J.: 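A single structure is presented below for examination.
No experiment lies behind these values; they were computed from the predicted model shown. Along the sequence shown, the residues carry numbers beginning at 1. Just follow the structure's listing: the first ligand is 1, and inside any ligand the first atom is 1.
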Amino acid sequence: MTLFESMHNPEALKRLPADQLPVLAQEIRDFLVESCSQTGGHLGPSLGVVELTIALHRVFDSPKDPILFDTGHQAYAHKVLTGRHDFTNLKSEGGLSGYPSRAESEHDFIENSHASTALSYADGMAKANEVRGLSDRSVVAVIGDGALTGGMAWEALNNIAAKKDRRLVVVVNDNGRSYSPTMGGLADHLASLRMTPGYEQALDLAKNTLNRTPVVGQPLYEALHGLKKGIKDAIQPQMMFEDLGLKYLGPIDGHDEPALEKALRRARDFGGPVIVHVITQKGKGYAPAENHDEDQFHAPGPFDVATGEAKPGSKALKWTSVFADTMVEIGAEREDVVAITAAMLHPTGLNRFADAYPDRIFDVGIAEQHAATAATGMAMNGLHPVVAVYATFLNRCFDQVLMDAALHRQGVTFCLDRAGVTGNDGASHNGMWDMSILQVVPGLRLAAPRDAERLRTLVREAVAVEDAPTVVRYPKGAVPEELPAIGEVGSMDLLRRAGEGHSEDLLIVGVGTMAQVACEVADRMADQGIGVTVIDPLWVKPLDEALIAEAARHRVVAVVEDNGRTGGVGDAVARLLRDHDVDVPVRTFGIAQEFLDHAKRDTILQQQGLTPQELSRKLTETVSRHTEGATDPALEDENA
Ligand SMILES: Cc1ncc(C[n+]2csc(CCOP(=O)(O)OP(=O)(O)O)c2C)c(N)n1
Ligand SMILES: CC(=O)[C@@H](O)[C@H](O)COP(=O)(O)O
Ligand SMILES: [Mg+2]
């Protein structure tokens, strides 16, 4: 049996002789490289914290001492050391989650993959320990240098620093990267601290030497210790953390397991809040990851182990790429258009805009709230900013969209990639919230393209709006085939009209990529003699009132969207018709308002009934009932 196979729990790890730990670390690395080469996953972040995770589980007693991972994408070694060794179906249905999962293990606490939250959890847990009289327990939060650029982290640090005798260990996992090199003053500060490795080691050497020196040793060490802060302040930038009132240990070599254990034991026994600043390398131990300029194998797909080359995958045009090229074209036409990323330059495709217009790209770090309000400031001062974020991360800056961009009627455009079901990154990554939460934002205009051509057109229309925020949302992955309109209904695209001789039985409002599905449904139902009209609204907020008369001509209206059902476009259509006394029954189809387990996108769409087969079946029943005049209250909620 290998050491790896014997790691069923942290107790087994604690029993391991120290000289076996490098062997275990290598076995873990070999396992992660091999398994991620098959499934893809967050290999780079996890390779970077193998020694750190080993040291954490040897020094602390999880789960009594919770070990929290910010964002959670770097927790693969943690999963291995807590007994989870089958990564076969990582991030797929029935396989391990790509993040900590409370259902998987008592050692897991934070499941969502939204960055910069771990310190707040830790502060709360430490306060709970204090209130419950469990102050002998530790709470440990591992946060990356990227996540530390998020505002929540500083709200937490402010609170953590407020109580000097509340046990809490913050491990800053500083690899200098988010995807790209981490930006900003904080990153520069951390980099300066990295430049002076060994202060702790130098001090320890002095301490050990002086402690053996009778009489003068200890006082001299204390003087040296006091001097250390002075030296650090003098030779290196202001010790920001210590000036916050937090004990700072570091920088520590994050791949020197014994040094890590020593620092973590000191931190554990300190009896108050401590920052342990750990220097790691993302992708450590796997050369293709270490040398990967773009993001050090942050989240690769399947790859060849020998070369690190991505395995042949779909060469189809991706939504992100269409957005990227459109932005470059717009940038050439509009000098006032600038772009903002929240530490996701390449994942959002803005790297092409950055290459073309290096003075008009702004990476704000993992700081979506700042991005939205800084963009509002830019708009107030004559620019038209385009903020590109993943749809799920727009949640982070809802108030800024509402009370900064919209309240001030500023022309800011938000482009939301990964909108709708993303699937394998689990519940916190599905972009299923935006078309619900944004419905309440006065003046905001929201568009959902069905294909590449509509994306190009809608982004251009969005950046032309100067008196309100605009949003264009599109899914992960490959764009579908172009779906040309056959006509227009107001400003909306007509995609199918009930065939000649057919009654107008059903109007389907197909939102975004669901317009393609709606057309397949129409074609299936036409074969059964049911007349179906399909409309793509393009702009789903505000809805074009031409929809009212169109709906009134049909027996049933259905709305299909890749968004949560609650408060989505379906509800907006129903409200529009009600408000205009059009009493045609409306059926809404979307994602059930639940946190969805990780699985592939297509699997989830199948589970949610958002397939042509299932929709045709349901709508055929509905139309036939309404054609005969019978109504069935149970049908009030088709997706129930
Ligand atoms: C609120 C939020 N915005 C963006 C992301 C996307 N994201 C995932 S990991 C990551 C970089 C994290 O960098 P860091 O915290 O330094 O961790 P590392 O990957 O370097 O270990 C980003 C931007 C996110 N998960 N959450
Ligand atoms: C953890 C995180 O938020 C990102 O790394 C995310 O997992 C990437 O998602 P994509 O693979 O869809 O770019
Ligand atoms: Mg980092």
J.: Return the name of the atom in Asp145, of element N, O or S, nearest to the Mg ion (ligand 3).
T.: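 Nearest N/O/S atom: OD1.
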J.: Give the atoms of ligand 2, by number and element, whose distance to some non-hydrogen atom of Phe393 is under 4.0 Å.
T.: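 Checking each atom against Phe393, I get 3 (O).
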J.: How many angstroms lie between CG in Leu157 and CG in Leu168, if you round to the nearest 0.5 Å?
T.: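 So the gap between those two atoms works out to 9.5 Å.
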J.: Quick one: which ligand 2 atoms are inside 4.0 Å of a heavy atom on Lys476?
T.: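 Matching atoms, with element in brackets: 10 (P), 11 (O), 12 (O).
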J.: Is there a nitrogen or oxygen of Lys91 sitting under 3.5 Å from a nitrogen or oxygen of ligand 2?
T.: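 No - when backbone and side-chain N and O of Lys91 are compared with those of ligand 2, no distance drops under 3.5 Å.
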J.: With respect to the Mg ion (ligand 3), please indicate if Thr182 possesses an N, O or S atom at a distance under 2.8 Å.
T.: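 No, outside the cut-off.
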J.: Could you check whether the rings of Phe241 and Trp154 sit parallel, tilted or perpendicular, using 30° and 60° as the cut-offs?
T.: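 Ring orientation of Phe241 relative to Trp154: parallel.
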J.: Report, in ascending order of atom number, the atoms of ligand 2 lying under 4.0 Å from any heavy atom of Tyr179.
T.: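 The atoms of ligand 2 under 4.0 Å from a heavy atom of Tyr179 are 4 (C), 5 (O), 6 (C), 8 (C).
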J.: Are any N, O or S atoms from Arg177 nearer to the Mg ion (ligand 3) than 2.8 Å?
T.: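 Yes, Arg177 qualifies, because one of its backbone or side-chain N, O or S atoms lies under 2.8 Å.
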J.: Taking the six-membered ring for Trp, are the ring centroids of Phe303 and Phe297 within less than 6.0 Å of each other?
T.: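 Centroid distance Phe303-Phe297: below 6.0 Å, so yes.
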J.: Short list, please: which atoms of ligand 2 are under 4.0 Å from a heavy atom of Asp425?
T.: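 Answer for ligand 2: 7 (O), 9 (O).
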J.: Between Glu104 and Lys79 (salt bridge meaning N to carboxylate O under 4.0 Å), is one present in this structure?
T.: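 Salt bridge between Glu104 and Lys79, a charged N being under 4.0 Å from a carboxylate O: yes.
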J.: Check the side chains of Asn159 and Glu155 for a donor-acceptor pair under 3.5 angstrom, ignoring hydrogens and angles.
T.: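 Looking only at side-chain atoms, Asn159 and Glu155 do not form any donor-acceptor pair under 3.5 Å.
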J.: Atom 1 (C) of ligand 2: which protein heavy atom is closest, and how many Å away?
T.: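 Among all protein heavy atoms, the one nearest atom 1 (C) of ligand 2 is Tyr99 OH, 3.3 Å.
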J.: What residue and heavy atom of the protein are closest to atom 13 (O) of ligand 2, and at what distance?
T.: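 Sorting protein heavy atoms by distance from atom 13 (O) of ligand 2 puts Tyr390 OH, 2.6 Å first.
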J.: Could you check whether Ser428 and His114, counting side-chain N and O atoms only, form a donor-acceptor pair closer than 3.5 Å?
T.: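 Absent: no donor and acceptor within the cut-off.
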J.: Nearest protein heavy atom to atom 10 (P) of ligand 2, by residue and atom, and its distance?
T.: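 I find the closest protein heavy atom is Arg418 NH2, 3.6 Å.
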J.: Which protein residues come within less than 4.0 angstrom of ligand 1, counting heavy atoms only?
T.: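 Lining ligand 1 at under 4.0 Å, by heavy atoms, one finds Pro45, Thr71, His73, Ser113, His114, Ala115, Gly144, Asp145, Gly146, Ala147, Asn173, Asn175, Arg177, Ser178, Tyr179, Lys282, His298, Ala343, Met344, Ile366, Glu368, Phe393, Arg396.
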J.: Consider only side-chain N and O atoms of Asp425 and Tyr99, and report whether a donor and an acceptor are under 3.5 Å apart.
T.: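 There is such a pair between these side chains.
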J.: Working to the nearest 0.5 Å, report the span between CZ of Phe69 and CD of Glu111.
T.: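 Reported value, rounded in 0.5 Å steps: 14.5 Å.
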J.: Around atom 6 (C) of ligand 2, find the nearest protein heavy atom and jot down its residue, atom name and distance.
T.: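 In this structure, atom 6 (C) of ligand 2 has His429 NE2, 3.3 Å as its nearest protein heavy atom.
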J.: Within the 3.5 Å criterion, strictly below it, is a donor on Lys282 or His298 matched to an acceptor on the partner's side chain?
T.: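 Yes.
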J.: Any Lys/Arg nitrogen of Asp355 or Arg352 sitting under 4.0 Å from an Asp/Glu carboxylate oxygen of the other?
T.: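 Salt bridge between Asp355 and Arg352, a charged N being under 4.0 Å from a carboxylate O: no.
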J.: Can you tell me if His42 contacts ligand 2 (heavy atom of the residue under 4.0 Å from the ligand)?
T.: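 For ligand 2, residue contact (heavy atoms, under 4.0 Å) with His42 is present.
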J.: Of Thr280, Val278, Val49, which meets side chain to side chain contact (heavy atoms under 4.5 Å, CB included) against Asn175?
T.: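 Running side chain to side chain contact (heavy atoms under 4.5 Å, CB included) over Thr280, Val278, Val49 with Asn175 returns exactly one hit, Thr280.
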J.: Salt bridge check: are Asp108 and Arg102 linked by an N-O gap of less than 4.0 Å?
T.: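 Not counted as a salt bridge, because no side-chain N and carboxylate O are separated by less than 4.0 Å.
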